[in-house]
There are 2 protein chains.
Amino acid sequence: MNGVATISVINSKPTAAIIADKLREGIIEGAFAPGDQINEAQVAGQLNVSRGPVREALHRLVQEGLLLARPNRGVFVQDLTRRDVAEIYASREVIECAAAEIILRGDRDLRSATAERLHAIVDRMQAAIESDDWTALGRIDLEFHTLLVGDAGNSRLVRAYATLATEALMCLTHFPGAYPRPERVLPAHREIADYVRDGDMEVLQRTLHRHLSLTSIDHGPDDGRALVHPRAEAGGDA
Amino acid sequence: MNGVATISVINSKPTAAIIADKLREGIIEGAFAPGDQINEAQVAGQLNVSRGPVREALHRLVQEGLLLARPNRGVFVQDLTRRDVAEIYASREVIECAAAEIILRGDRDLRSATAERLHAIVDRMQAAIESDDWTALGRIDLEFHTLLVGDAGNSRLVRAYATLATEALMCLTHFPGAYPRPERVLPAHREIADYVRDGDMEVLQRTLHRHLSLTSIDHGPDDGRALVHPRAEAGGDA
DNA sequence: TGCTTGTGGATTGTTGACAATCAGAAGGTG
DNA sequence: CACCTTCTGATTGTCAACAATCCACAAGCA
């Protein structure tokens, strides 16, 4: 072991994974608008790789639900309808509540450890708010919830939640109005962390439900068309 | 609309999807043992196609969790550890209970329609039992639960449940002892269907929990190694 | 005019060849 | 005899060319 031991692995990930991450970022950030077609050859050209890995990356994103593949026609960025947003948040609530229940059945020390890590994330959320970085805030918010699910220790739930988390991020960038005012974000998450530590399932579940319910979207009419900027009617959180 | 209207589409699915289905079947049926390596070139040769679609199919199954890809080494059939089995059934309970709750919040007529279809599936289960077809029974059993989740109308939950269902089928073929005695299967499912119709969430949730809990596996020690035939200790259902 | 029917352009789907990578065996060296 | 280096076989990862497919548009016909 000499001095070069800590050189980062040259190309640890396969190319397809890197491309998938890049594209996922682009979709989340809004670089591709919903409905846009993503052309294999074009992406391959921009990234200076062959169509093979690009194709693989695109198919992965299709399976994640971010893209829609029409056979022999191409892949397109998914539209987010009211129904989709409602589904995403409802599913998140399902998995998060389940994770919470598992965690709360566990040891008190484990719960404290989880709560502590959750609080650490909330502190980072505060920092993001203070520097007016809304993109970062959304990501950290999702990180909070992903940690909650992760600490339940069920990899199946984690996997299912991961795709929901990226979809939720997509919601945030496309419907910026859906994110609540910052002064309510911090207390809400602190509450959740505290209830995890104290082990109060009843209250925790209610809090998560309130935190993740998009009442107006949930009960509004579903016209099947994509939302554009429902700033006035969304009341949920990440 | 003339007489040829019902001609089946020639080749509706892309080759990769067909291959993925074939391989998934093979894995579920046990044609590949856990830990076995699956060779791209070999499969391609057997199916008379190129490595491209095979590669795509394998990656899809990796993402579904059926296969494990070790970079530059190959893809292997996942081992099913105690922990995996516990995770799968716990996750199934989470999603099924959520689906049940959504359905029970719905219209009474819708509930009856769902219950009716569930009962129809139970009848097919009975037929499978009478002809001693255990493979079919497992599939129909999962079909029952998949219908339950599907009728909740949340495509995200459906997608998450689909992979869990295939994993559960894998459990059945690898741990045949995990399936309960047939005389208990039918009443259990009939109960579930009835509670869906009657809208009794409390009881339905308890029934689902009992139906999907693998108590001995759940609380047994997790040595990280794959189970072989825990016939003596498994008490769950599909 | 309105409907059917061919044609064009673009995109994905598929293929076989080539390069990169890794685990393990063989061989050399103190 | 243990350890390190080198080699080898097999497998995945990548690439560019070819084939199949589909939608859009325009021309032909009642």
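Just so it is clear, the structure is predicted and the values come from calculations on it, not from any experiment. Chain A is the first sequence line, chain B the second, and so forth, proteins listed ahead of strands; every chain is numbered from 1.
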K.L.:
What residues in residues 41-57 of chain B put a non-hydrogen atom under 4.0 Å from any atom of DNA chain D?
P.N.:
B:Arg51, B:Arg55
K.L.:
If you round to the nearest 0.5 Å, how far is CG of B:Leu157 from OG of A:Ser91?
P.N.:
4.0 Å
K.L.:
Could you measure the distance from the CG atom of B:Leu80 to the CE atom of B:Met170? Nearest 0.5 Å is fine.
P.N.:
4.5 Å
K.L.:
What is the distance, to the nearest angstrom, from the CG atom on B:Asn72 to the C1' atom on C:dT21?
P.N.:
4 Å
K.L.:
Write down the distance between CG (A:Leu67) and P (C:dT12), rounded to a whole number of angstrom.
P.N.:
12 Å
K.L.:
Could you check which residues of residues 58-66 of chain B get a heavy atom under 4.0 Å from DNA chain C? Sort them by number, please.
P.N.:
none
K.L.:
Any side-chain heavy atom of A:Phe144 within less than 4.5 Å of one from A:Arg124?
P.N.:
no
K.L.:
Do B:Asn39 and B:Gln46 touch side chain to side chain, with heavy atoms closer than 4.5 Å?
P.N.:
no
K.L.:
Picking from A:Leu58, A:Leu68, A:Asp36, what satisfies side-chain contact (heavy atoms from CB on, under 4.5 Å) with A:Val75?
P.N.:
A:Leu58
K.L.:
Please name all residues satisfying side chain to side chain contact (heavy atoms under 4.5 Å, CB included) with A:Val158, sequence neighbours left out, ordered by chain then number.
P.N.:
A:Val149
K.L.:
Quick one: A:Gln37 CD to C:dT11 P, roughly how many Å, whole number?
P.N.:
7 Å
K.L.:
Output the rounded distance in Å from CG (A:Asn39) to C1' (C:dG13).
P.N.:
14 Å
K.L.:
Crowded around B:Glu116 CD? As in, over 12 foreign heavy atoms under 6.0 Å?
P.N.:
no
K.L.:
Tell me every residue that passes ring-ring contact (aromatic ring centres under 6.0 Å, His included) with A:Phe32, counting only those two or more places apart in sequence or in another chain.
P.N.:
none
K.L.:
Determine the interplanar angle of the B:His211 and B:His145 rings, folded into 0 to 90°, and report it as parallel if under 30°, tilted if 30 to 60°, perpendicular if over 60°.
P.N.:
parallel
K.L.:
What pairs with B:Arg51 under salt bridge (charged side-chain N to carboxylate O under 4.0 Å, His left out), at least two apart in sequence or on another chain?
P.N.:
B:Glu40
K.L.:
In dot-bracket form, how is DNA chain D paired, counting a Watson-Crick or G-U wobble pair only if both its distances are under 3.5 Å and using | for bases paired to another strand?
P.N.:
||||||||||||||||||||||||||||||
K.L.:
Where each residue is assigned the nucleotide of DNA chain D containing its nearest heavy atom, which of A:Arg73 and B:Arg70 is assigned the position nearer the 5′ end?
P.N.:
B:Arg70
K.L.:
Does the Lys NZ or Arg CZ of B:Arg92 fall within the cation-pi geometry relative to B:Tyr161 - under 6.0 Å from the ring centre and within 45° of the axis?
P.N.:
no
K.L.:
Give the rounded distance in Å between these two atoms: CG of A:Leu68 and C1' of C:dT12.
P.N.:
14 Å
